[in-house]
Amino acid sequence: MFKRSKKRIIEKFIQGWVLVLLVILTVSMMFNVNSIQGNARVINYAGIIRGATQRVIKLEIAGQSNDDLIVYLDDIFDGLMHGGGKYDLTILPDKSYQNKLKHLYTSWNNIKKEINENRSTHYANSHIISMSEDYFQQADQTVSAAEDYSQRCATKLRKIEDGLIIVITIMIAILIKESISLFILVKNNSKLNKKAYLDLATGLPNRSSIEELIRQYQYYYKGCFAIVIFDLNDLKETNDSLGHISGDKLISSFAHIIRKVIPKKHFVGRYGGDEFIAILENVNSQDLKKMIKNIQEEVAKQNKKDSTVYIDFACGYALSNQYPQEDIRYILSRADKNMYITKEKMKEERKEKM
């Protein structure tokens, strides 16, 4: 018992950690997915400043200055370097990328300075072309650094996904195991409950089951019903003279007969010891007399077929419509009293025959 308890504690501990790991990986995955989305925007806008700057220079040389495009690029640089901004960009936490971005920004400022200084001379002696070439190479390296960082994030995300698959697989295995354990537990409990309400010697409902049914009738059932009490005669003598095995055979044989004769829709149970009870709905006295006669005939057949034990019984019944103001327990007591009256008559008849 201690080993099972210790094993269960270990299982619960493992389940708890698997659940914690699942939560951590899920949160981490969500964070990394958002990060990759932000990285994609950074790469996209880093590519824009790489190409758009070349367009700015071409327009300047052609005498078609575009200050709006310069402002547009300034806004992008602001977002890339400081985060947020007009285009809601993120800061990539990568040193190589950040260093390259700073150098690129410096080059951009130098290009803007060169533009301001040479607009009046129409770039006659300007170094704008060589500066733009250097700038393009720096921009290309900056974009590559951003892509490398994004690729590392994607690789990390794939590892997290792999981890999630493993953890989810473990969780599914745990759930399957727990479901199987729960199914077995419910099944075992059902068996135990069934045993708790069954008489093992006869297979009929036992006294606990009978008491439960009586409570239900007392509070819920309003229709007409009858109670029949059966009592095996001479069970003690059979046990004393032939042994308890013969006594058990006598009990089980009689239980089989009354369950066979009384229709399945009616309740039949072992009330205890040598007594049995039947609760029948919507029957009259003629129905009961016919049923008792059929039982007597089946008993006679059994006694003729098997002479090792002799079945003899007394019975008494009471109908609820005979006592409309009384509850089921009173009907039960009347049936029991009638059974004892029958039993005494049988004893008197025996004495007279002797």
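Since we're looking at a predicted model, the values are computed, not measured. All values below were derived from every heavy atom in this structure, side-chain atoms included, with hydrogens, water molecules and symmetry-related copies excluded.
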Query raised in the report: Looking at Asp148 and Lys95, does any basic side-chain N land under 4.0 Å from a carboxylate oxygen?
Result: no
Requested in this report: Locate the shortest heavy-atom distance separating Asn39 from Cys153; write the atom from each residue and the value.
Outcome: ND2-SG, 3.6 Å
Query raised in the report: Can you get from Ile115 to Phe136 by hopping between Ile, Leu, Val, Met, Phe, Trp and Tyr side chains that sit under 4.5 Å apart?
Result: no
Query raised in the report: Would Thr53 and Tyr135 count as having a side-chain donor-acceptor pair, cut-off 3.5 Å?
Result: yes
Requested in this report: Return the minimal non-hydrogen interatomic distance between Asn338 and Ala318, and the atom names on each side.
Outcome: ND2-CB, 4.4 Å
Report task. Look at the side-chain heavy atoms of Ile, Leu, Val, Met, Phe, Trp and Tyr, link any pair under 4.5 Å apart, and say whether Leu204 and Leu232 land in one connected group. Result -> yes
Query raised in the report: Got a sec: does the CZ of Arg55 have more than 12 other heavy atoms crowding it under 6.0 Å?
Result: no
Query raised in the report: Under 3.5 Å, side chain of Ser253 to main-chain N/O of Leu250, donor-acceptor pair present?
Result: no
Query raised in the report: Between the side chain of Ser179 and the main-chain N/O of Leu175, is any donor-acceptor distance below 3.5 Å?
Result: yes
Query raised in the report: Under a 4.5 Å cut-off applied to non-hydrogen side-chain atoms, are Phe313 and Gln296 in contact?
Result: yes
Query - Salt-bridge criterion met for Glu348 and Lys345 (N-O under 4.0 Å) - result: no
Query raised in the report: Does Glu60 use its side chain to pair, donor to acceptor, with the backbone of Arg119 at less than 3.5 Å?
Result: no
Report task. Without swapping roles, check the side chain of Gln218 against the backbone of Asp327 for a donor-acceptor pair under 3.5 Å. Result -> no
Query raised in the report: Should we count NE2 of His266 as having more than 12 external heavy atoms under 6.0 Å?
Result: yes
Query raised in the report: Quick one: CE on Met81 to CG on Leu92, what's the gap to the nearest 0.5 Å?
Result: 12.5 Å
Query raised in the report: Side chains of Ile258 and Glu298: closer than 4.5 Å at any heavy-atom pair?
Result: no
Query raised in the report: If you draw the axis of the six-membered ring of Tyr87, does the NZ or CZ of Arg41 fall within 45° of it and under 6.0 Å from the ring centre?
Result: no
Query raised in the report: Would you say the side chain of Tyr97 lies within less than 4.5 Å of the side chain of Thr142, judging by non-hydrogen atoms?
Result: yes
Query raised in the report: Is any side-chain heavy atom of Ile328 less than 4.5 Å from a side-chain heavy atom of Arg215?
Result: no
Query raised in the report: Where is the tightest heavy-atom contact between Ala226 and Leu319, given as atom of each residue plus distance?
Result: CB-CD2, 3.5 Å
Requested in this report: May I ask you to decide if Asn303's main-chain N or O and Ser307's side chain share a donor-acceptor pair within less than 3.5 Å?
Outcome: no
Query raised in the report: When you check the side-chain N and O atoms of Gln98 and Asp94, is any donor under 3.5 Å from an acceptor?
Result: no
Query raised in the report: Can you tell me if His256 uses its side chain to pair, donor with acceptor, with the backbone of Ser252 under 3.5 Å?
Result: no
Query raised in the report: Is it true that Tyr105 and Phe77 have ring centroids separated by less than 6.0 Å?
Result: yes
Query raised in the report: Do the non-hydrogen side-chain atoms of Leu89 and Tyr45 ever get within less than 4.5 Å of each other?
Result: yes
Query raised in the report: Is a side-chain N or O of Asp234 found less than 3.5 angstrom from the main chain of Glu237, in a donor-acceptor match?
Result: no
Report task. I would like to know whether Glu281 and Tyr217 meet side chain to side chain donor-acceptor pair (under 3.5 Å); could you show each step before the answer? Result -> CA-CA 11 Å; Glu281 297 177 1; Tyr217 266 75; 2.4 Å; yes
Query - Backbone of Ile262 reached by a side-chain donor or acceptor of Arg259 within 3.5 Å - result: yes
Query raised in the report: Within a strict 4.5 Å, meaning less than it, do heavy atoms of the Ile70 and Asn66 side chains meet?
Result: no
Report task. Tell me yes or no: between the side chains of Lys100 and Ser96, is some donor less than 3.5 Å from an acceptor? Result -> yes
Query raised in the report: Are Glu275 and Arg207 within salt-bridge range, i.e. N to O under 4.0 Å?
Result: no
Requested in this report: Tell me whether Leu332 is reachable from Phe225 by hopping between hydrophobic residues (I, L, V, M, F, W, Y) whose side-chain heavy atoms are closer than 4.5 Å.
Outcome: yes
Report task. Could you walk me through whether Thr202 and Asp199 pass the side chain to side chain donor-acceptor pair (under 3.5 Å) test, one step at a time? Result -> CA-CA 6 Å; Thr202 63; Asp199 175 59; 2.6 Å; yes
**Report entry** Lys156 atom NZ: more than 12 heavy-atom contacts under 6.0 Å
**Finding:** no
Query raised in the report: Given side chains that start at C-beta, do those of Arg270 and Ile210 come closer than 4.5 Å, heavy atoms only?
Result: no
Query raised in the report: Given side chains that start at C-beta, do those of Leu104 and Ile49 come closer than 4.5 Å, heavy atoms only?
Result: yes
**Report entry** Side-chain donor/acceptor of Asp274 to backbone N/O of Leu235, under 3.5 Å
**Finding:** no
Report task. Examine Tyr340 and Ile277 and state if one hydrophobic cluster contains both, with Ile, Leu, Val, Met, Phe, Trp and Tyr joined whenever side-chain heavy atoms are less than 4.5 Å apart. Result -> yes
Query raised in the report: According to a 4.5 Å side-chain heavy-atom criterion applied to Ile, Leu, Val, Met, Phe, Trp and Tyr, with indirect links allowed, do Val143 and Val56 form part of one hydrophobic cluster?
Result: no
Query - Salt bridge flag under 4.0 Å for residues Arg158 and Glu161 - result: no
Query raised in the report: Quick check: does any side chain N or O of Ser209 sit under 3.5 Å from a backbone N or O of Asn206, one acting as donor and the other as acceptor?
Result: no
